[in-house]
Novice: 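After the structure tokens below, expect a handful of questions from me.
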Amino acid sequence: MKSLDNRKLIVGLEIGTAKVATLIGEVLPDGIINIIGLGCCSSQGMDKGGVNNLESVVKCVEYSINQAELMAGCQIASVYLSLSGKHISCKNEIGMVPIAEEEVTQLDVDNVVHIAKSVKIRDEHRILHVIPQDYSIDYQEGIKNPVGLSGVRMQAKVHLITCHNDMAKNIVKAVEKCGLRVDQLIFSGLASSFAVLTQDERELGVCVVDLGGGTMDIAIYVAGALRHIKVIPYAGNVVTSDIAYAFGTPLSDAETIKVRYGCALESLVNKNENIEVPSVGGRPSRILQRRMLAEIIEPRYIELMRLVNKEILQLQSQLKQLSIKHHLAAGIVLTGGASLMEGVIECAQKVFNTQVRVASAVNVNGAIDEISGPRYSTVIGLLHYGKESHLNNNIDADKRVKIKNWLKKINNWLKKEF
């Protein structure tokens with residue numbers, strides 16, 4: 001088996017509440033990611049994004065990794081790893097610096113972002129991401145790239161995403177026990193947005209909702225910048241639990257019924273359609289109306305969507321007070337396994353009163369058909385994030401080489417002069 005070629009191949013690993021998924025992608029010359037390896041299994045030992053049984057998580061990761069390696073014909077050394085959970089939070093901060101040479105350099109940009117992120121965060125937390133929103137130079141606002149512009153003083157607005165240090169350590173530990181290195185931890189909702197959004201949607205204003213098994217990850221973009229993220233610790237599993245209790249059926253069977261026959265809008269279901277529902281304790285199965293299933297699912301989905309809408313309305317109110325564009329003209333983008341429910345678009349439109357779409361991943365291809373669907377948005381987003389990190393690392397390396405060569409020339413010149 002060949003070793004992993006770090007120059008061309010990127011690995012994403014999602015350890016979720018419902019599934020553990022590994023994707024190996026090859027970055028093609030045109031920037032498209034070609035999926036060459038997939039490993040996936042049901043998740044055990046995870047709850048609402050947190051590790052509650054380390055040994056079980058390690059076994060799932062090992063199985064997923066082995067599957068992906070076998071398909072790709074290579075050996076994995078490191079991964080980009082997603083992270084979710086209610087411990088993840090965000091804040092918007094501002095930094096300000098004088099412009100050293102009257103013209104903004106990359107060093108000025110680095111300095112102002114560093115100052116913006118140098119704030120006190122919650123105890124036991126650490127910064128996961130520092131994402132610049134825009135820059136201001138003197139009286140000019142809304143600048144996306146300030147390098148080369150003239151001015152006296154520069155200000156940067158950044159979005160900070162933080163996580164609980166111990167929660168992050170636990171999920172990283174599970175990966176390291178499999179003999180792998182974590183290249184970077186990435187918030188799951190951010191990864192999903194990398195997979196499913198277009199730049200036009202970010203500019204117009206959009207909310208990505210990743211409906212997983214244990215959590216809903218929200219990422220809201222306005223005017224091209226990430227403005228707010230939130231993890232809501234309720235998602236597809238609460239729907240499964242409702243079905244299990246209402247129908248008196250095991251959780252595993254309730255999940256199967258939800259996936260096969262579930263509908264998030266009762267009015268879409270034929271009154272004459274029936275389903276078979278397994279019982280517990282050796283009792284015989286029962287035949288029930290499928291509409292009864294929708295009567296359980298629809299109220300829960302509406303409740304979940306209202307929790308998201310509450311976050312949107314709060315952010316829009318804050319942005320309006322700051323005289324920042326706050327409309328989500330591109331509407332709502334749903335992704336994640338629980339977004340595959342029939343009727344989810346119609347149900348969401350009832351709550352949000354705007355356009356809604358269920359996302360498919362962009363700029364990926366491969367022989368595995370299901371990877372482009374909502375179920376794998378997070379792990380595909382990890383590959384996109386990894387691709388950008390590789391490009392940035394190469395640029396940084398080029399800068400270091402240029403600086404080293406420049407210093408060498410100066411040193412040689414000084415030796416000749418003296």
Side-chain angles (χ1 to χ4, degrees), residues 14-21 40 42-52 57 60 82-89 163 167 171 186-193 195-196 207-220 228-246 251-252 254-260 262-265 293-294 296-312 332-345 347-348 350-352 356-359 373-381:
E14 176 193 6
I15 308 176
T17 304
K19 72 178 186 304
V20 175
C40 188
S42 297
S43 185
Q44 294 182 356
M46 295 289 293
D47 183 40
K48 301 184 186 300
V51 178
N52 63 17
V57 173
C60 291
S82 64
L83 179 68
S84 186
K86 63 181 180 180
H87 60 95
I88 292 177
S89 60
C163 66
M167 295 288 190
I171 200 163
I186 297 111
F187 168 51
S188 297
L190 181 64
S192 295
S193 68
V196 303
C207 175
V208 181
V209 185
D210 190 332
L211 291 158
T215 62
M216 288 192 299
D217 297 333
I218 304 169
I220 305 175
H228 183 68
I229 65 99
K230 179 75 174 182
V231 178
I232 297 174
Y234 307 102
N237 284 358
V238 294
V239 180
T240 304
S241 181
D242 286 350
I243 296 168
Y245 279 99
L251 279 169
S252 58
E255 178 68 20
T256 301
I257 291 168
K258 181 186 78 173
V259 172
R260 286 184 183 174
C263 183
L265 202 65
L293 179 62
I296 297 167
I297 293 173
E298 182 179 343
R300 182 61 86 176
Y301 262 77
I302 286 176
E303 181 186 359
L304 293 173
M305 300 300 175
R306 282 176 176 164
L307 290 173
V308 175
N309 201 41
K310 181 181 176 183
E311 293 293 324
I312 293 172
I332 311 297
V333 176
L334 302 178
T335 190
S339 70
L340 291 167
M341 176 78 66
E342 181 186 343
V344 71
I345 291 177
C347 179
K350 285 176 63 175
V351 175
F352 297 114
V356 179
R357 74 177 177 94
V358 174
R375 183 171 157 80
Y376 292 100
S377 292
T378 297
V379 71
I380 287 174

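What's counted below: heavy atoms across the whole structure, side chains too, no hydrogens, waters or symmetry copies.
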Novice: A side-chain contact here means heavy atoms from C-beta on lying under 4.5 Å apart; do Val344 and Met305 qualify?
Specialist: yes
Novice: Check the pair Ser84 / Ser188 against side chain to side chain donor-acceptor pair (under 3.5 Å), numbers first and verdict last.
Specialist: CA-CA 6 Å; Ser84 186; Ser188 297; 4.6 Å; no
Novice: side-chain contact (heavy atoms from CB on, under 4.5 Å), that's the test. Do Arg375 and Cys40 meet it? Break it down for me.
Specialist: CA-CA 11 Å; Arg375 183 171 157 80; Cys40 188; 3.7 Å; yes
Novice: Is Tyr301 close to Val351 at the side-chain level, that is, under 4.5 Å between some pair of heavy atoms?
Specialist: no
Novice: With a 4.5 Å limit on heavy-atom distance, are the side chains of Ile218 and Cys207 in contact?
Specialist: yes
Novice: Could you grab the distance from atom CD1 of Ile15 to atom CD1 of Ile171, nearest 0.5 Å is fine?
Specialist: 4.5 Å
Novice: Looking at residues at least two apart in the chain, or sitting in another chain, which of them share a salt bridge (Lys or Arg N to Asp or Glu O under 4.0 Å) with Lys258?
Specialist: Glu255
Novice: May I ask you to test the Ile220-Ile312 pair for a side-chain heavy-atom distance under 4.5 Å?
Specialist: yes
Novice: Nearest 0.5 angstrom please: Ser377 OG to Glu14 CD, how far?
Specialist: 9.0 Å
Novice: Residues in side chain to side chain donor-acceptor pair (under 3.5 Å) with Lys350, at least two apart?
Specialist: Glu298
Novice: Using 0.5 Å steps for rounding, measure from the CG atom of Leu304 to the CD1 atom of Ile297.
Specialist: 11.5 Å
Novice: Apply the test side-chain contact (heavy atoms from CB on, under 4.5 Å) to residues Val51 and Met46: give CA-CA distance (whole Å), side-chain angles for both, the deciding distance (0.1 Å), then the verdict.
Specialist: CA-CA 5 Å; Val51 178; Met46 295 289 293; 3.7 Å; yes
Novice: Testing the 3.5 Å rule here: is there a donor-acceptor pair between the side chains of Thr378 and Ser192?
Specialist: yes
